[in-house]
Amino acid sequence: MIPAPFAYARPTTVEEALQAIADCGEDVKVLAGGQSLIPVMRLRLAAPETVVDLGKVAGLRGVRDDGDAIVIGAMTTHSDVLADPLVAEHAPLIAEATGTVADRQVRHRGTFGGALVHADPAGDLPAVALALDAEFVVAGQSGRRTVPAGEFFVDYLTTAVGEGELLVEVRVPKYTGWSMRYEKFNRVAQAWSIVAVAAAVRREDGRIAEARVGLTNMGPTPLRARQVEEALAGAEATAEAVAAAAERAAEGTDPTSDLNAQADYRQHLAKVLTRRAVSTAAGL
Amino acid sequence: MTPITVRVDGASYTDDVEPRTLLVHYLREQLGKVGTVVGCDTSNCGACTVHLDGEAVKSCTVLAVQADGSEVTTIEGVAGGAGLHPVQKAFHEMHGLQCGYCTPGMIMASIDLLKDNPDPSDDEVREGIEGNLCRCTGYQNIVRAVRHAAAEMRGGANGVPSGSVSPAVVDTAAAPHVAVQS
């Protein structure tokens, strides 16, 4: 299968890209690494009139230090994220989750920003961005705005990036003194997550001072397991306390049933994986 | 049509392509590089793996226009002239293939892996080439071939992977005939 014919724009700056998107009307798709878009176009599940390719747009790749945060360019590839020392130091959860994305070939092409804007419920990075309270910098022709992670993921495959806008970079606060773990359950190599859990924990003395837990594929958008986080805050750092908190991981979730798993099985997985992720992050 | 300039296996090409043309179809149909094969329609199998600016990619999931200005290496150019690349040689010597359809992609993915990890364990090989499927399920000998190549490329002793046990001890019924070769 090859994609249906489309018009092709190859801008070299963000401004040109925004202009190209504006010029193309409604039926336009933005091409980042193409590892989700191209398969979808090949299967004719999408047949946009125009594709705007960001591959030659300068300034969207790379990770930089910005004081109390690191800033990841939207077009930074998964493999570059994996190799980046700033990510490893300040947000190792991102590196760990990125390492589970697909396979080496896909990670060489697929991008951090592309995966987030695609917002596949089974994708690994949205729940991580949500757990880490990332901020999304979105550019439009009238300027740039910043969207907190809690408002970014709107619905199935839908984000707060509006028509005529582009995600340009993602700010991730530096997590000093935190430990993190991504627990992913899938059946075979390179498969999507059936359920996965992103956990970040800050310990103080013998207690869990703070915890953040993001859930992958437990609904149309990534979710924060707020009840778990509240139960963990101030709890003793023991296996029993973590297990008790993790029992609340499925509260308020509405996962789908599909070939891979029924909804109640996903809810079971969410609890088990939350317990494992938090336990590992807490050093238990 | 969109103009592209690509360097493939050491030669430069300038062509007009339809934007929807996949890189693998450009390589096969426009340049005649039929050593790179198309295995699946879902970006799963990795048979079409080539190197784009030195990194392994699935050429069925890259548009030819995205390769504009880039350097592509296919299985046909990987040896850089006469003879075989050490990984090609190892697949031959270790019988790392049955029907052979996945082999070009397996070799390209393995070279990419060995660039980052020159001495992978069995598990690291399996993880490293997880994006490539062998429908014959001939993975045992593929893993052995990759480790054999790794040892050759490191200049190791007689091509024996470090820390590995004798093939016949760990392997399936297919193993002895490979062991005889070495």
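Per chain, numbering begins at 1; letters A, B, ... match sequence-line order. Just so it is clear, the values below take in all heavy atoms, side chains as well, and ignore hydrogens, waters and symmetry mates.
- Atom CD of E76(B) has more than 12 neighbouring heavy atoms from other residues, nucleotides or ligands inside a 6.0 Å radius.
- In this structure, D68(B) CG and R10(A) CZ are separated by 4.0 Å, a value rounded to the nearest 0.5 Å.
- More than 12 non-hydrogen atoms from other residues, nucleotides or ligands lie less than 6.0 angstrom from OH of Y13(B).
- The structure places OG1 of T61(B) at 12.0 Å from CE of M41(A), a figure rounded to the nearest 0.5 Å.
- To the nearest 0.5 angstrom, Q190(A) atom CD is 11.5 Å from I129(B) atom CD1.
- To the nearest 0.5 Å, the span separating CE on M1(B) from OH on Y8(A) amounts to 14.0 Å.
- When heavy atoms are compared at a cutoff of 4.5 Å, L37(A) does not approach chain B at all.
- The CG atom of N132(B) lies 7.5 Å from the CG atom of D103(A); values are rounded to the nearest 0.5 Å.
- Of the inter-residue distances, the one linking R104(A) atom CZ with S110(B) atom OG reads 10.0 Å to the nearest 0.5 angstrom.
- At a 4.5 Å heavy-atom cutoff, C48(B) makes no contact with chain A through either its backbone or its side chain.
- In terms of heavy-atom pairs under 4.5 angstrom with chain B, the leader among V51(A), L31(A), V106(A), L43(A) is L31(A).
- K29(A) NZ: 12 or fewer foreign heavy atoms inside a 6.0 Å radius.
- With a 4.5 angstrom heavy-atom cutoff, A7(A) does not touch chain B via any of its atoms.
- The main-chain N or O of R42(A) is never found under 3.5 Å from a side-chain atom of R20(B) such that the two would form a donor-acceptor pair.
- Closest approach of L22(B) to P3(A), counting heavy atoms only: CD2-CD, 4.2 Å.
- Shown here is R135(B), whose CZ atom has no more than 12 heavy atoms of other residues, nucleotides or ligands within 6.0 Å.
- Counting heavy-atom pairs closer than 4.5 Å to chain A, the top-ranked of the candidates L133(B), L63(B), V38(B) is L63(B).
- Looking only at distances, no side-chain donor or acceptor of H108(A) sits under 3.5 Å from a matching main-chain atom of E55(B).
- Of the listed residues (G128(B), A109(B), G46(B)), the greatest number of heavy-atom pairs within a distance under 4.5 Å of chain A belongs to G128(B).
- Under 4.0 Å is where a charged nitrogen must lie from a carboxylate oxygen, and between E130(B) and R107(A) at least one such pair does.
- Looking at Q66(B), its side chain never comes within 3.5 Å of a backbone N or O of G55(A) through a donor-acceptor pair.
- Looking at Q105(A) and D112(B), their side chains never bring a donor and an acceptor atom within 3.5 Å of each other.
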